There are 2 protein chains.
Amino acid sequence: MSGSRSDLIAETLEQDILRGRFAPGTRLDETRLAKEHGVSRTPIREAFQRLSAAGLVEQVPRRGVFVREIGTVELLEMFEVMAELEAACGRLAARRIADAALDELEAANAGCRAAMEAGDIDGYYLENERFHHRLYAESGNAFLCGEARRLHRRLRPFRRMQLQLRGRIPQSMNEHEAIMAALREGDAERAASLLRDHVAIQGEKFRLLVAGLRTAG
Amino acid sequence: MSGSRSDLIAETLEQDILRGRFAPGTRLDETRLAKEHGVSRTPIREAFQRLSAAGLVEQVPRRGVFVREIGTVELLEMFEVMAELEAACGRLAARRIADAALDELEAANAGCRAAMEAGDIDGYYLENERFHHRLYAESGNAFLCGEARRLHRRLRPFRRMQLQLRGRIPQSMNEHEAIMAALREGDAERAASLLRDHVAIQGEKFRLLVAGLRTAG
DNA sequence: TGTCAAGTTTTCGTATACAATTTGGCATCA
DNA sequence: TGATGCCAAATTGTATACGAAAACTTGACA
């Protein structure tokens, strides 16, 4: 279990799903995938179970596994939860964070600013991720950190999308600055509130994006 | 997958672990369990994967699966996250809840009160659970509801423990009343805050309980 | 007596074989 | 013509077989 094969296969399949190689609703054929990856059905099935636990596919008894449709509603719900988790991280971090960690957060934030000024969206995304991951860790709650990372990972492609919107990056940057200030002052409630809004806005932007696509398409 | 066998087996194993039939750190022997349940190793392994995803066991490559030690620290961390999740449910529910649902919550709460007056701890626990589950649902966020239920389930044995403490049930009851009042008034922030404290206290009580056991033993 | 190395044994991870169930198509009948 | 029942093919779920890696045993040597 967690055998090196099925580990890698699960990873690969996850990428394939997130990148849209398998359309939502598609049935994933065990035999076909087994041949494709040059292994037997067993590791494929193990990978399926992991994907299922991660919520990426749905297993229907005796019928197979299907790529889950992540509806807009569910996605917005997930953003709402992400907002609360990040708020929780912020609330706790504001009380517990050490000066050294504050500096590291500041460094990640500086990376964001540099990427913004360079107009480098991918770079901004990466540094932004570093900022948030660092924040999760500084909550001082390893379990919370894990849950936050798990959901962050699942929302990754959609968080990325909304960065494409005009003016979103400078806005996001301002939000980061405000969050940093609250953390530095140790104002837990303000940090929580700012972080909740910061993520909630991402959900909102995503909703706009989807609505735009729908009317445009 | 999600075959009826391995489903049931995972369920059974989970109960066995939570009830302490397998001490933390124990290795779970695939072959032995297979014989015990009258199946082959395959369904056992599938069950293991589910338990692993749920965080109940740890899989060490090429060595086997072990019942995870849930340390006091991690448990307190989980209570902290539970507090934040319930707070989130409360915040959202305060804005979204319908009158009919308020009545249902009130009914569950009345059940708690009846059990308290009858001195029925198990009954109180059950009605209390009904109250909380209902609240999760009334957040109007199915994803949040699912996450809350998942963590609630994992904390179930420990939430139960702290009810044994003298005076805890009336105190809990008072907290419920206050929460109901906030919800009825639609005061989101107060509902969130009260719920956070309500659960945080449970964590705190649990900590006291553990400390007591340690000095007593 | 303690330590280390080689061989044996156990156990995991994967492959393959088999059984049970669903699905699709075709024939039959109202 | 449309609906229904049955058979065949495909697919899942489970069992078993096999190769590889780790743990344990044994025995020799310092």
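Chain identifiers are assigned alphabetically (A, B, ...) following the order of the sequence lines, protein sequences preceding nucleic acid strands; residue numbering begins at 1 within each chain. Because the structure is predicted, anything quoted here is derived from the model rather than measured.
Regarding E46(A), its CD atom lies at a distance of 6 Å from the P atom of dT14(C), rounded to whole Å. In this entry the distance linking CD1 of I44(B) with C1' of dT11(C) reads 15 Å, nearest Å. A straight line from CZ of R5(A) to C1' of dA21(D) spans 13 Å, rounded to a whole angstrom. The interatomic distance linking R62(B) (CZ) with dT9(C) (P) rounds to 19 Å, in whole Å. Following rounding to the nearest Å, D29(B) (CG) and dA23(D) (P) show an atom-to-atom distance of 15 Å.
Of the charged side-chain nitrogens involved, at least one lies within less than 4.0 Å of a carboxylate oxygen, so that E147(B) and R150(A) count as a salt-bridged pair.
Between R63(B) and dC12(C) there is no side-chain polar atom (N or O) within less than 4.0 angstrom of OP1 or OP2. OP1 or OP2 of dT14(D) has not a single side-chain nitrogen or oxygen of T42(B) nearer than 4.0 Å. At least one side-chain nitrogen or oxygen of R45(A) sits closer than 4.0 Å to the OP1 or OP2 atom of dG13(D). Put simply, R27(B) has a side-chain N or O that comes within less than 4.0 Å of OP1 or OP2 on dC12(C).
Checked against side-chain contact (heavy atoms from CB on, under 4.5 Å), D103(B) has no partners two or more places apart in sequence or in another chain. E86(B) is linked by a salt bridge (charged side-chain N to carboxylate O under 4.0 Å, His left out) to R159(B), counting only residues two or more places apart in sequence or in another chain.
Note: F206(B) and F158(B) have perpendicular aromatic rings, judged against thresholds of 30 and 60 degrees for the angle between ring planes.
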